[in-house]
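These values consider heavy atoms only, across backbone and side chains, with no hydrogens, waters or symmetry-generated copies. Computed from a predicted structure; not experimentally measured. Letters go in sequence order (proteins before strands), and every chain restarts at 1.
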2 protein chains.
Amino acid sequence: MNLKQLSEHLGLSQTTVSRALNGYPEVSDATRKKVLTAARLNNYSPNTRAKGLATGRAWAIGHIIPISTKHEMVNPIFGDFIAGAGESYAAAGFDMTLRLAEDDHIETLYREMAAKRNVDGILVQGPAMDDERVHILQDLGMPFAVHGRASSATTAYNWLDVNNSRAFERATNFLLDLGHQRIALINGLEHMDFAYRRRGGYETALSARGLAIDPQIMRAHEMTERYGYTSTRDMLSQPNAPTAFLVSSIIVAIGVRRAIEEAGLKMGQDISVITHDDDISYFRNGEEIPLFTATHSSVREAGRILAQILIDQITNPTAPPVHRLLEAQLMVGQSTGPAPGRT
Amino acid sequence: MNLKQLSEHLGLSQTTVSRALNGYPEVSDATRKKVLTAARLNNYSPNTRAKGLATGRAWAIGHIIPISTKHEMVNPIFGDFIAGAGESYAAAGFDMTLRLAEDDHIETLYREMAAKRNVDGILVQGPAMDDERVHILQDLGMPFAVHGRASSATTAYNWLDVNNSRAFERATNFLLDLGHQRIALINGLEHMDFAYRRRGGYETALSARGLAIDPQIMRAHEMTERYGYTSTRDMLSQPNAPTAFLVSSIIVAIGVRRAIEEAGLKMGQDISVITHDDDISYFRNGEEIPLFTATHSSVREAGRILAQILIDQITNPTAPPVHRLLEAQLMVGQSTGPAPGRT
DNA sequence: ATGAAAGCGCTAACAG
DNA sequence: CTGTTAGCGCTTTCAT
């Protein structure tokens with residue numbers, strides 16, 4: 001059933017029916033009611049492409065997932081984020097268009113999407129320190145919003161981020177307060193913005209207490225379980241082994257915990273571990289790992305907010321960019337114990 | 001730059017330019033060459049909505065993710081699957097439209113998508129035993145393909161699945177050959193088709209050797225780490241505890257392993273564990289868990305194949321439905337050890 | 001308050 | 001081989 005058929009069925013013009021359906025004021029209440037019920041009864045929904053062609057809007061938001069670094073997709077927070085974003089999109093009548101792209105084709109893809117006009121805006125995930133995507137999108141005049149921040153960008157743009165440096169500074173202080181002197185940092189790749197900031201917070205806390213930054217107990221790598229395992233095992237076998245670990249991802253922490261167990265050490269007794277991740281979707285039902293979580297309850301909420309920001313931008317292109325910095329909230333679990341000999 | 005502008009720029013009609021671009025044979029080679037280079041130089045890409053409106057095709061495939069059971073999104077195989085599907089889509093010029101839906105709104109959503117005509121087909125993931133989606137889509141006349149199978153469906157449809165029952169039968173036999181008599185099954189929710197089939201394979205193998213099916217050492221639940229942990233701990237504390245575990249997901253296996261370690265048992269020595277998952281994306285860099293993997297190398301390949309099947313169906317709607325059953329390949333790792341006292 | 005008609009950008013008969 | 005023309009289904013002036 002299309003608009004023409006519906007209008008013929010009602011004995012009205014397409015115009016009136018369209019206006020009634022879209023809430024224009026110049027339609028009488030009686031006709032509007034008739035139109036709305038008829039539409040419902042006949043299972044009428046406007047054809048998105050026709051509507052888009054007429055309005056110059058695609059009614060879709062693009063999410064581009066880089067595939068060269070598997071990282072993004074596998075990240076357990078990914079699912080929650082797009083679940084939240086999807087809620088906002090659905091409420092506003094937008095679809096979510098997913099595209100997978102090699103890192104080195106990203107610019108071509110953006111240009112193509114802009115030309116094809118099949119998305120009204122793009123949501124950028126996992127920005128690197130000097131992320132080029134921000135510049136490209138600004139260039140293209142394509143509305144966008146970033147989950148995280150791209151430090152290199154100079155002009156204003158829409159973003160939402162967790163306060164990563166503060167979170168790691170507080171986590172480090174927390175461990176220092178417990179008496180730890182050797183705190184290892186097992187970080188993500190530090191060309192990524194979030195990882196860079198996390199390291200900054202860690203170093204700030206150490207420096208503030210006059211402690212040295214020791215590269216021997218700092219690691220940065222793609223966040224896999226294996227990475228957590230090997231780096232922890234490696235550091236534990238060093239002469240001056242760390243007594244605490246600050247871990248940048250819950251996935252990595254699985255490996256960390258395994259290495260600790262294999263070394264015959266007891267979590268929360270011989271050793272302390274704090275894991276930071278934006279969300280805990282993977283372990284939602286397990287409380288054994290202490291966590292920072294964003295105060296806005298979860299990454300899902302972040303997705304919802306950021307998507308709304310992008311929709312607002314699309315709806316009102318002249319409005320200034322918006323950004324939100326969420327504070328992480330410390331949650332302490334059983335495996336965060338005091339430093340050895342300080343029980 | 002749109003078609004009109006491009007054609008004016010070239011001094012040709014829109015028709016000729018369109019034909020040249022779309023590879024129609026009745027265009028001279030000279031003109032085609034001219035058109036193609038001009039298109040490239042001017043960064044021309046056809047407007048998807050206009051093209052869709054004219055062709056009656058949306059150039060998009062829908063992936064609907066149920067959100068009531070978080071399960072789907074979090075599942076690590078999810079990412080690989082859509083990565084593979086995305087490749088096929090991109091090659092054929094299709095976009096991927098993602099929608100999140102509550103389980104109980106799925107029919108409404110399907111009807112709406114069919115009416116809006118913003119997807120040409122739907123890819124169904126994670127089918128349950130008596131999945132209604134197959135029937136609804138057949139009803140709507142919407143092309144679709146299923147990753148897995150919906151056992152209840154009587155008419156033919158497109159699907160691709162791993163041979164779950166054979167895989168679990170072989171895994172069970174493998175453990176039986178090692179001398180195990182008490183093999184626990186830690187399965188997914190058994191209203192899901194894959195879990196139902198897996199249990200079938202397990203029971204077949206036991207029955208073939210005249211062993212009893214013991215509900216005491218069988219579990220079925222949402223596949224979380226905690227579930228693996230608690231159910232394993234529970235079963236290990238039973239009087240006649242299992243000496244081997246057959247686990248239905250790599251995530252669950254993390255919990256299983258933790259419970260085993262906590263019980264002071266040694267993997268591959270006191271106890272055996274076999275984990276089945278369609279893919280190993282999460283632990284791609286870790287070899288410590290034995291796995292079945294689909295012979296087609298990975299779920300990514302499955303996504304690629306199934307997407308292509310769907311595209312073929314859309315392109316040629318009269319062709320009969322296609323299905324593929326992939327055999328799992330047994331891969332044995334260090335933690336699959338002999339039964340206790342049989343070294 | 002309602003309708004007629006133009007047009008969004010493209011494809012696909014139909015002509016030549 | 002190339003061009004003219006009529007839609008695809010909707011929104012949106014412009015009339016009435």
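- Close to D:dG3, at under 4.0 Å from its OP1 or OP2, lies a side-chain N or O of B:Ser13.
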Protein proximity profile, nucleotides 5-12 of chain D - base contact B, sugar-phosphate-only contact S, no contact -, cut-off 4.0 Å on heavy atoms: B-BBBBBB
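- With 3.5 Å as the limit, one finds no donor-acceptor pair spanning the side chains of B:Ser18 and B:Thr15.
- Side-chain atoms of B:Thr318 and B:Asn316 form a donor-acceptor pair, as typed in the model, at a separation below 3.5 Å.
- When DNA chain C is scanned 5' to 3' for any atom under 4.0 Å from a heavy atom of chain A, the first and last hits are C:dA1 to C:dG9.
- Each end of the helix from C:dA1-D:dT16 to C:dG16-D:dC1 gets its own axis, taken as the rotation carrying the C1' atoms of four end pairs onto the next four within a five-pair window, and the two axes meet at 40° to the nearest 10 degrees.
- Side chains of A:Thr97 and B:Asp95: no donor on one and acceptor on the other come within 3.5 Å.
- Side-chain N or O atoms of A:Ser7 include none that pairs as donor or acceptor with a backbone N or O of A:Ser13 at under 3.5 Å.
- At least one donor-acceptor pair closer than 3.5 Å links the side chain of A:Gln5 to the backbone N or O of A:Asn2.
- With salt bridges taken as basic N to acidic carboxylate O contacts below 4.0 Å, none links A:Glu112 and A:Arg117.
- Using a 30° and 60° split on the angle between ring planes, A:Phe94 and A:Trp59 fall in the tilted class, from 30° to 60°.
- Between the side chain of A:Asn158 and the backbone N or O of A:Val322 there is at least one donor-acceptor pair closer than 3.5 Å.
- Comment: B:Glu87 engages B:Arg300 in a salt bridge, judged by a side-chain N to carboxylate O separation of less than 4.0 angstrom.
- The CZ atom of A:Arg133 sits 10.0 Å away from atom CD1 of A:Ile122, with the distance rounded to the nearest 0.5 Å.
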